[in-house]
Amino acid sequence: MFSLAWRSIRNRRGAFAAAFVAVFFGSALITASGVLLESGLRAGMPPQRYAAAPVVVTAIQSVPTPDGLSQRFGERVPLRAGLTDEIARVPGVQAAVGDVSVDVALRHGGGTVPLSAHGWSSTKLGPATVDSGRAPAAADEVVLDGGAAAQAGLRVGDHTELEIGAVATTYRVVGTTASGQAAAFLTDEQARVLSGRPDQVDAVAVLADPGTDADELASRIQQAVPEVTTAVGDDRAEAEFLDVGAARQFLVVMSTAFGGTMLMIVLLVVASTLGLAIQQRRREFALLRAVAATPRQVYRLIATESLVLAAVASALGAVPGIGLSLLLRDALAGYGAVPAEFRFAIGGLPVLASVLLCLLAALGAGLIAGRRAARISPAAALGEAAVEPPRLGRVRLISGWVLAVLGAATGIGLPMVLSGNTAVAGAASSALLLVIAVALLGPRLLTATAGLLEKLGVLRSTAGYLAGANTRARSRRLGSAATPLIMGVALASVQVFTATTTNAAAQDQAVTGIRADHVVVADAGIAPSVVDTVRRLPGVDSATPVARTSVLVTHQELGEPATNSYPAQGVTPDRLGDVLDLDPRQGDLSGLTGETVALSELAAGSFGVEVGSPLSMRLGDGTPHTAEVVAIYGNGLGFGDVTLPNDVVLAHTGSRLNDELLLATAPGTDPAALREALPPGLRLTDRASFTAAQNTEATAQSAVNLLLNLLLLGFIAIAVVNILVLATAARVREFALLRLIGAKPRQVRSMMRGEAAVVVVAAVVLGSLAALPPLIGVSLSLTASPLPTVPPLVYLGIAGAAAAFGWGSIAIPARIALRPAPVAAMRVSG
């Protein structure tokens, strides 16, 4: 059977080429998605400051979730400083260094130099010996990196200022080092004071006795101090840089979400392509059945062909898939989703998974598509060799219509009965149900489109009549060819216009909700003590600090517990309405003090709480916190889902600093005079800067989602061209017969233009209709309006791309198929 299948593939290269291309590019996408997932599980980057420490000890930085994954906290979880001594007593530990890192600015006459401040004991972790002077011994002494000292024009014995949050402290330079780091070294106690956590450290770097195995030492430390977690190898970078762990979590979430959708699309495309190839071989299968081939033998032939083709195509496609993953790594680093030094894990598991999935997809698609060819009686098989079965199967029709109704009802109805993120996710996912329904009902929908165009007079010419008749007679073939195009329009519309709807609503809320006359910012945050200083400046009526973080909330989602991260902000309630309009719907924001919280309508709906209800959460550093809901507001997209008292947020962030100050000023206040009066290190900006800062993370997330969906749409575009070219090129005999009975080439081309019009109109109209319920549902969930934001030029771009792909993929192969003389074409194709 293998020999027969191989000969069949070799002798019918054109028929199998489309299936090969579909599996090849599908394998590339699956492999790339697998590399993203594997990288999220075990990739990272080499440690830098902790490179000399074989083991690094940190607090537990995540919480397990019911789905078996984990959610990382938004801020660093610190360790008790006293744990350093406990760890130092573990056998095999040569030294334990309690380390802190504090972002500071070194002031000098020409401006500031950004530095990272550490305790002097951390010099044991790297080459930071004193070049000149001595180590710091008092709280007001500092050792500077030689490069930073030279840039600021400082020498040993000079006095300088280190600034944190626009508050400067004077230090005496007692030494310089050649560490090669932009660093300042203080006494260990003073470094912890600067961090705002005098009794805590960021991590403990462990130096081991000679000959001690790192993994074994990590295990001993874990047993001796069970409240911590240990890291060895490249995992030490995750302890050093919080964004490494965040990047890994992001890759896992992104690859699983995108990979599931992508896998379903690949399966549908491969099924459509193989189905079309098998339909075009009805004559061959009819002959096999007529000469006594059993259904089992036909099944085995189709299965073997599918497996052979998929094995070769998927193995070859995995290679560019790995290259695609590396390009994705660079793109994600450019968007800030992963650190620039983050390295992907390239192993054999994604390739193996891709090959196996492609084999299963091709086998399943081939057997489903060949079911009728294998089961039909020999006599009926010969009768159907030239004409397609006139009707779709009952099961297929019922399944298609049920999914279509279910998808429409889910997209529009779910936001009417549910609220919160469940409604948004349910509405968006209804697009997949509608896409599957389109795939099942494609031939019937295409026939209906042709009938509509005939009634409208679009196909009233002789060529148009032939195009309509061909569409009805070969609806299965054209349906298989048009389905990916319809699917592409639907998915592109849902993905793009969901993003435009969300971004437009967020932008509108941010623009209309910010009432502040001015916004005060600083390069590295604003200390709480500075807020009172600014409030006392002439012309300032009120100053509201804003600190940003994220919180974890566990709530019920479709009947199951789910833990998710939500953006949060900390503000002071005093005269909050003067600078910020959160659009309160219930409760009173003036009560936002102590153990209270205000929520967006979307978040309150997700959590199932109302004003007066308690809400349990984990703050940025993982601290459990229960607060009473005192208000529910409408502008959650623009300002975050969770609003907490400012002091609560600051106490559980790593920097203990605010991000901005929102100012309300008296009428006639001169901005230039106010700018001059601000303490050093602060800058006066306008509302646009605050709005831009609010949308930075959302913009990056939208860019990543758009990038991944462009890849998926690119695959669909390839599939569209692939299938339509195959379907058109296989009609050489039909075109020759038309020409032999008197049709001219231009008439045949005109007929094909009519068929192309049917395919393009079906793709644009049906794809748009399939996208409408999800978009209405998403818009209802996010904005309470059934009208999504659909930029006309963007929609015209999607429709134009569909028309270009559909028209070109039919018209160009038709011209090529008309080149041979009719008699020669009949002889070759027959």
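Note: hydrogens, waters and symmetry copies are ignored here, and every other heavy atom, side chains too, is used.
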Practice problem: Please report the C-alpha distance between Arg49 and Ser101 in whole Å, then the side-chain angles of each, then the deciding distance to 0.1 Å, and finally whether the side-chain contact (heavy atoms from CB on, under 4.5 Å) criterion is met. | Solution: CA-CA 11 Å; Arg49 294 186 57 250; Ser101 296; 3.8 Å; yes
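Judged by distance alone, the side chain of Ser39 and the main-chain N or O of Ala345 form a donor-acceptor pair under 3.5 Å. Judged by distance alone, with hydrogens and angles left aside, the side-chain atoms of Thr685 form a donor-acceptor pair with the main-chain N or O of Val519 at under 3.5 Å. Without hydrogens or angle criteria, Arg72 side chain to Val63 main chain gives no donor-acceptor distance under 3.5 Å. In this structure, Glu238 contributes its side chain and Asp235 its backbone to no donor-acceptor pair below 3.5 Å. At distances below 3.5 Å, not a single donor-acceptor pair connects side-chain atoms of Glu75 with backbone N or O atoms of Thr549. With Gln71 contributing its side chain and Leu552 its backbone, the two residues share no donor-acceptor pair below 3.5 Å. Checking side-chain atoms of Arg220 against main-chain N and O of Pro91 turns up a donor-acceptor pair under 3.5 Å. Remark: side-chain polar atoms of Thr623 are not paired, donor with acceptor, to backbone N or O of Leu619 under 3.5 angstrom. Formation of a donor-acceptor pair under 3.5 Å by the His159 side chain with backbone atoms of Thr170 is not found in this model. Listed for the Arg107 side chain is no donor-acceptor partner under 3.5 Å among the backbone atoms of Thr112.
When side chains are defined from C-beta on, Gln94 does not count as touching Thr212, because their heavy atoms never get closer than 4.5 Å. Considering only heavy atoms from C-beta on, Val642 comes within 4.5 Å of Leu599 through its side chain. A heavy-atom distance below 4.5 Å is found between the side chains of Met45 and Phe241. At least one side-chain heavy atom of Leu83 sits less than 4.5 Å from a side-chain heavy atom of Glu86. Side chains of Leu684 and Leu663 form a contact here, defined as non-hydrogen atoms less than 4.5 Å apart. In this structure the side chain of Ile346 reaches within 4.5 angstrom of the side chain of Leu326, judged on heavy atoms. Using a 4.5 Å heavy-atom threshold, the side chains of Val530 and Pro545 count as separate. By the 4.5 Å heavy-atom criterion applied to side chains, Arg536 and Val540 are not counted as neighbours.
Using cut-offs of 30° and 60° on the angle between ring planes, the pair His118 and Phe185 is tilted.
The minimum heavy-atom distance linking Thr187 with Ala139 is given by the pair OG1-CA, 4.4 Å. The shortest non-hydrogen separation linking Ala214 to Val232 is O-CG1, 3.9 Å. Closest of all the heavy-atom pairs between Leu657 and Ile164 is CD1-CG2, 4.2 Å. The nearest pair of heavy atoms linking Asp234 to Arg343 is OD2-NH2, 2.8 Å.
More than 12 non-hydrogen atoms from other residues, nucleotides or ligands lie less than 6.0 angstrom from CZ of Arg675. No more than 12 heavy atoms of other residues, nucleotides or ligands shown are found within 6.0 angstrom of CD on Glu595. Surrounding CG of Asp140 are more than 12 heavy atoms belonging to other residues, nucleotides or ligands, all under 6.0 Å away.
Side-chain N/O atoms of Thr229 and Thr58 include no donor and acceptor closer than 3.5 Å. Defined by atom type and a distance below 3.5 Å, a donor-acceptor pair is missing between the side-chain atoms of Glu628 and Thr596.
Aromatic ring centres of Phe250 and Phe342 lie farther apart than the 6.0 Å criterion allows.
Screening Val648, Leu650, Val649 for a side chain to side chain contact (heavy atoms under 4.5 Å, CB included) with Asn646, the sole residue that qualifies is Leu650.
A salt bridge links Asp202 to Arg197: one of the charged nitrogens lies within less than 4.0 Å of a carboxylate oxygen.
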